[in-house]
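Not measured: the values here are computed from a predicted model. Note that ligands are numbered from 1 as they come in the structure, with each ligand's atoms numbered from 1 the same way.
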Amino acid sequence: MTDGPTYGFDTLQIHAGARPDPATGARQTPIYQTTAYVFRDAEHAAALFNLQEVGYIYSRLTNPTVAVLQERIATLEGGVGAVCCSSGHAAQIMALFPLMSPGKNIVASTRLYGGTVTQFSQTIKRFGWSAKFVDFDDLDAVRDAIDEDTRAIFGEAIANPGGYIMDVRAIADIADAAGLPLIIDNTSATPYLCRPIEHGATLVVHSTTKYLTGNGTVTGGCVVDSGKFDWSASDKFPSLSAPEPAYHGLKFHETFGPLAYTFHGIAIGLRDLGMTMNPQAAHYTLMGIETLSLRMERHIENAVKIARWLEADPRVDFVTYAGLPSSPYFERAKTVCPKGAGALFTFAVKGGYEACVKLVDSLEIFSHVANLGDTRSLIIHSASTTHRQLTPEQQVAAGAAPNVVRLSIGIEDADDLIADLDQALARATA
Ligand SMILES: *Cc1c(COP(=O)(O)O)cnc(C)c1O
């Protein structure tokens, strides 16, 4: 479908990358539950291994079910190619891998998913990589943090959890001026609400675990390339611009042009890191993606209703949601994500830590889980769970103060969700 007329989002979320199965005519994308693929002959096998011909060798690298999902996400994001992997965190490592080497750093937003903060501040150090965390609203600080060892800039379009919207264009301009790729984690926004490549991003990463799958069944991740970055403009990205010893001196950028980064992700990244998405997971995510726009519309509609209701409630101190006019990010959201500011937000309960814990335990429809982006409404009290190890000061800075809970609004009846919050707030603040 990629060469046809330009279809709308709702058509592409169902059809992009898929075609009736050539062997059987099966209309739904089959789950190709196979590890390996028979070569036509020895010459065909050699051409595949030399990257002279594109085809299937082994499912650690490529699989036809996963390939449909890759093409679908790339199309929805407006990219040229995508590589799926086993989780969102795997996608982040896969995204950085071709860009980094020991001693190199990334400049990252302070407002990131908690697990990403840990991955970037602790775990990547084992590879000799490091991250400098900067407030992305302070553009001078972002510029100042970039040094000669910086290889990427990383942020979230809609940041989890605190209702923060990133000025993607302003940060992309800084990345451009420094000759660096901008990587956007678009998990909370999804391409339905925000297409970061249109705002200047080079790469987009996803935890497909969340809204793209949408029903809380499988973990997965994806790295999408815009195909727009010139990897050979400097000597900063030798994995893509210089001869690759593992492929007889092939230069990825010279050979594959705009698909260099995607091919590297498969031929080196998946081959050697092995963070592969399995075809069953791709199937569940393909099922989910077919209804992405419908779900996001309802997620947003419910989130706006519930945030307004909470903001007007005397038992609530404040609500941080960029879909409310009271948010400092309300105006920015109109350009970055004009269809809505997502369905994740936090609110503060009068009565602090104790009241929050009681609230969480009193809810009946909302589930108390460490997840987001499910059809089901979810709640978490970060201070007693995901952010438990932080000091109170760090909790406040992370938008996870002891008096704050985070909601991931589902697609149930908004009135039922409001009634559930109402009864639980009554018990929590009694
Ligand atoms: C969940 C999440 C991740 C990590 O994804 P996993 O699939 O859990 O590995 C990264 N970024 C954001 C914004 C997330 O919500």
Original post:
Considering only protein heavy atoms, which is closest to atom 7 (O) of ligand 1, and at what distance to one decimal place?
Top reply: Thr209 OG1, 2.6 Å
**OP:** List the closest protein heavy-atom neighbour of atom 15 (O) of ligand 1: residue, atom name, distance to the nearest 0.1 Å.
**Re:** Lys210 NZ, 2.7 Å
Below 4.0 angstrom, N of the basic side chain to O of the carboxylate: do [X] and [Y] qualify?
| X | Y | result |
| --- | --- | --- |
| Arg27 | Asp21 | no |
| Arg315 | Asp422 | yes |
| Arg308 | Glu311 | no |
| Arg427 | Asp361 | no |

[X] heavy atoms, cut-off 4.0 Å: which ligand 1 atoms fall inside?
| X | result |
| --- | --- |
| Gln92 | 10 (C), 11 (N) |
| Glu156 | 13 (C) |
| Ser87 | 7 (O), 9 (O) |
| His89 | 4 (C), 5 (O), 6 (P), 9 (O) |
| Gly88 | 5 (O), 6 (P), 7 (O), 9 (O) |

Subject >> Residue-ligand contact Asp185/ligand 1, heavy atom below 4.0 Å >> reply: yes
Original post:
Strictly under 4.0 Å, does any heavy atom of Gly220 approach an atom of ligand 1?
Top reply: yes
**OP:** Could you tell me which non-hydrogen atom of Ile300 sits nearest to which non-hydrogen atom of Tyr321, and how far apart they are?
**Re:** O-OH, 4.3 Å
**OP:** State, to 0.1 Å, how close Phe136 and Gly155 come at their nearest heavy-atom pair, and which atoms those are.
**Re:** CE2-CA, 4.1 Å
**OP:** Decide whether a cation-pi geometry holds between Lys104 and Phe127; the criteria are a distance under 6.0 Å from NZ or CZ to the six-membered ring centre and an angle within 45° of the ring axis.
**Re:** no
Subject >> Under-4.0 Å heavy-atom contact with ligand 1, by part of Leu112 that carries it >> reply: neither
Subject >> Ring center gap for Tyr192 and His299 short of 6.0 angstrom >> reply: no
Subject >> Heteroatom distance test (Ser188, ligand 1): nitrogen or oxygen, under 3.5 angstrom >> reply: no
